[in-house]
Amino acid sequence: MSKRIVVAKFGGTSVADAVQFRKIREIVESNPERRFIVVSAPGKRYPDDIKVTDLLLTCYEKAAAGQSFAAEFEQIRQRFRAIIDGLKIDFPLDSELETLRNSLLTEPMRDYTASRGEYLTARIMSKYLSFTFVDPAWCVCFDQDGQLNAPMTSRTMRASLLPLNRAVIAGFYGADMIGTIRTFERGGSDITGSLAACAVSADLYENWTDVSGLYAADPRIVENPETVSYMSYRELRTLSYMGASVLHSDAVLSASELEIPINIRNTNKPEDPGTMIVRHLPKGVTKNPVTGVSGRKGMSLIQIEKVMVSDGSGFSALMLDILKERALPFEYCLTGIDSITLVIRTELLAPCKEDLFDEIRETLNPDFISLRDNLSLIAVTGEKATESSDANVRVLEKLTEEGIEISTINQGAGKLNLLIGVPEDRYEDAIKAIYAFRQSHQAS
Ligand code: ASP
């Protein structure tokens, strides 16, 4: 047996039907290091399709409201039946579904119901691959308040998985101390994959999905953007925070703590190398100063002016205390000699704006407060920006050349990323301009 261990997680589109299951078998069999397989529930086969988890949740909601859930239940049955028949395997689907139906009729439980998509998928996959089935109810441990108990999960998962040669683990759920099923947030099978990778000290965590890695820019704005071959965990977190989504952020956090590389791969194009997410770039890999660009619309910019904000009297600290008291998160805060600039999501600010401004006036007695809505915030991410110190300056030049107003700029000393505020109606133009700048660096 090979000593290297790869944990491979397959997302909803990768297990959407029997054809996808076959692709997975080829992928798994092509590398014996892929010993632990984590699966989601069947996702969408085409844009208007319904994910099995959504069907299950509708069953739960209807059952809890005392309504009939027969139509959705039948759709779930048909999806699994088609997979089982397509793979030509024996599986006791009807008795499994009967258990679920009984629970819905007697005592509907949201998390238990939602988890059955992953449970059935993993059981079917383990049968199809002839791998051992591991139910995360035995080894993904939640506390009574529904929070993951990470240390206990790590120990229990390690003890459950390592003695096994090969196993399929259902994603998305676990159980608390009294055995009640608990789920993660939506998209949480990524977290299960990452927990398994950490528990067995995997050499690699593969996350198989339906794209060949993380795009350097949003494909809805830039036509055919390049996929990034290498990026750091920090870069991924920044890009994801600002809207690029391919992996659950908690999954990145736990893998990065143990420095387990994550490889985003495409089940439909297994020949593509995908994106490698690592702590440090391997030697010899050269990187564009701009790894990627992402952003969000719907931002508000607040400017609070007071002579000598920065004189040590605690003005900024008081301002942040006000936000903390209100549990109002901010995207960034910049302090200058005579002013503080805050960027806050408009949807969070709007309901409390008047109140907040009154409190700021009373507590801080500022000279002036101004508010500007309809802004977008763009993150230009690149750990290598430091080595090409003029890159950030040239990004700004590029925006100016395009006639795009730069409303605010924030660059921390770490230079990991540059945050730029631009008017919302120029958001797409700005992303395109920055991506074009990135591509012009390709050859260097
Ligand atoms: N099946 C769950 C969902 O649809 C979890 C996952 O796919 O990761 O959110």
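As the structure lists them, so they are numbered: ligands from 1, and atoms in each ligand from 1.
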Report the relative orientation of the aromatic rings in F142 and F184; use parallel for angles under 30°, tilted for 30 to 60°, perpendicular for over 60°. tilted
I'd like to check whether G12 has a polar contact with ligand 1, where a contact means an N/O of the residue lying under 3.5 Å from an N/O of the ligand. no
Nearest to [atom], what protein heavy atom do you find, and at what distance?
atom: atom 6 (C) of ligand 1; answer: S189 OG, 3.4 Å
atom: atom 3 (C) of ligand 1; answer: R186 NE, 3.3 Å
atom: atom 7 (O) of ligand 1; answer: S40 OG, 3.2 Å

Within a reach of under 6.0 Å around CD of E325, are more than 12 heavy atoms found that belong to other residues, nucleotides or ligands? no
Take atom CD of E26 as the centre, draw a 6.0 Å sphere, and report whether it contains more than 12 heavy atoms from other residues, nucleotides or ligands. no
Is R279 salt-bridged to E259, going by a charged N under 4.0 Å from an acidic O? yes
Is G117 in contact with ligand 1, taking contact as a heavy-atom separation below 4.0 Å? no
Out of D111, D145, D176, which one pairs with R182 under the salt bridge (charged side-chain N to carboxylate O under 4.0 Å, His left out) rule? D176
Going by the 4.0 angstrom heavy-atom rule, the piece of E118 near ligand 1 is side chain
